[in-house]
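Step one of this worksheet: look at the structure below.
Counting starts at 1 for both ligands and their atoms, in listed order. Numbering starts at 1 and runs along the sequence shown. For the numbers below, each heavy atom of this structure counts, side chains included, while hydrogens, waters and symmetry mates do not.
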Amino acid sequence: MSNIEDLRTAVISGKRKDAKVLTTALLEQGIAPERLLEDALIPAMTVVGDKFKRNEVFVPEMLVSARAMKESMKLIEPKLIEAGIKPKYKAIIGTVEGDLHDIGKNLVATMWKGAGFDVIDLGVNVTPSAFVDAIETHEPDIVGLSALLTTTMPAMRETVAAVKATGKNFKIVIGGAPVTQTYADEVGADGYSPDAASAVDLAKSVLAA
Ligand code: B1M
């Protein structure tokens, strides 16, 4: 018999194959998919995020844990859909226009998924109008923008203005190496976070506000 604790440990240690085998076994044992999410994957990614914040693990370890979580999610997601279980929050994320960097943005997307959000990832080089179209289509609770270049920071400002002009009710958060809290305040974002783990705390706090 497999147990949920083993799955949590497999994700924390980034053991992708174990995560797949354990998820399959636990689902076959009749454990509800939402329990796997709530008692294994979300706590596992919280542990990894906390370790990252304390500098006990670094980006490579976060990436292997994220990969293990994705293996498990691939099996859990269809079951959650079948059971009609909806995530509490919907998020849209993308790297702004002109910018092709996606490693940090992908990590934020994964951590948000790990926190139980439904994440629509628009990819890189996303124009303000593509963000607006996605907001009209998906009606998210939160929108995340990433930029890695000082030259693409102005696209962040333009995107914030464009998405706010939709008049829809959602929060907007930004991040990326050159981005700061001061810049977030200047462009009118609801928040900024310096890393992927803090992006989860940030999203939860702006959504609760
Ligand atoms: Co580029 N690049 N790059 N690059 N690149 C940087 C960013 C640079 C600092 C390198 C340098 O000069 N030292 C520099 C930018 C300088 C500046 O503007 N200040 C630079 C440059 C100049 C360029 C090009 C212009 C080079 C050229 O062609 N002349 C070019 C631009 C292309 C374009 O985007 N239009 C370019 C291209 C590339 C590659 C394609 C080769 C590749 C990207 C591959 C990819 O992403 N798929 C690349 C890479 C890999 C880098 C470095 C080496 C690494 C970036 C990275 O992935 N870091 C980078 C130098 C460096 O950082 N050491 C560099 C790891 C990642 C986990 O961190 O993305 O910061 P990061 O994400 C963090 C946080 O910032 C935060 O959380 C993440 C995890 O904790 N975060 C958020 C990110 N998004 C967030 C969103 C949030 C919240 C938090 O809320 C929504």
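For atom 85 (C) of ligand 1, the closest non-hydrogen atom of the protein is G175 C, 3.4 Å.
Of all the atoms in ligand 1, the ones that sit under 4.0 Å from a non-hydrogen atom of D99 are 34 (O). Close approach of ligand 1 to F52 is summarised as follows: ligand atoms under 4.0 Å from at least one heavy atom of the residue are 80 (O). Set against the non-hydrogen atoms of A177, the atoms of ligand 1 under 4.0 Å away are 70 (O), 75 (O). Listed by number with element, the atoms of ligand 1 under 4.0 Å from a non-hydrogen atom of V108 are 82 (C), 85 (C), 86 (C), 87 (C), 88 (C), 89 (C). Atoms of ligand 1 lying under 4.0 Å from at least one heavy atom of G144, given by number and element, are 91 (C).
Residue P178 places no heavy atom under 4.0 Å from ligand 1. Using a 4.0 Å cutoff on heavy atoms, A197 does not count as a contact of ligand 1.
A donor-acceptor contact shorter than 3.5 Å is absent between the side chain of N125 and the backbone of L100.
Proximity of atom 88 (C) of ligand 1 to the protein is indicated by at least one non-hydrogen atom lying closer than 4.0 angstrom. Protein non-hydrogen atoms do reach within 4.0 Å of atom 72 (O) of ligand 1.
Under 3.5 Å, the side chains of T9 and D6 contain no donor-acceptor pair of N or O atoms.
Heavy-atom contacts from other residues, nucleotides or ligands closer than 6.0 Å to NZ of K51 number 12 or fewer.
Using a 4.0 Å cut-off between charged nitrogen and carboxylate oxygen, D201 and K204 do not count as a salt-bridge pair. K74 has a carboxylate O that lies under 4.0 Å from a charged side-chain N of E71, or vice versa, which qualifies the two as a salt bridge.
The part of L145 lying near ligand 1 is the backbone, judged by heavy-atom distances below 4.0 Å. Neither the backbone nor the side chain of Y192 has a heavy atom within less than 4.0 Å of ligand 1. Contact annotation: for P194 versus ligand 1, heavy atoms closer than 4.0 Å belong to the backbone alone.
Note on atom 1 (Co) of ligand 1: protein N/O/S atoms under 2.8 Å are H101 NE2.
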task: Could you please spell out the steps behind the side-chain hydrogen bond (donor to acceptor under 3.5 Å, both in side chains) verdict for T23 and S72?
output: CA-CA 6 Å; T23 307; S72 183; 2.8 Å; yes
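Among residues at least two apart or in separate chains, salt bridge (Lys or Arg N to Asp or Glu O under 4.0 Å) pairs with a member in residues 165-185 are E136-K168, E139-K168.
In the candidate list G191, S198, G94, G176, G176 is nearest to atom 82 (C) of ligand 1, counting heavy atoms.
Between D195 and ligand 1, no N or O atom pair is found at a separation short of 3.5 Å. In terms of N/O distances under 3.5 Å, ligand 1 is approached by S146.
Counting only heavy atoms from C-beta outward, the side chains of S146 and H101 never approach each other to under 4.5 Å.
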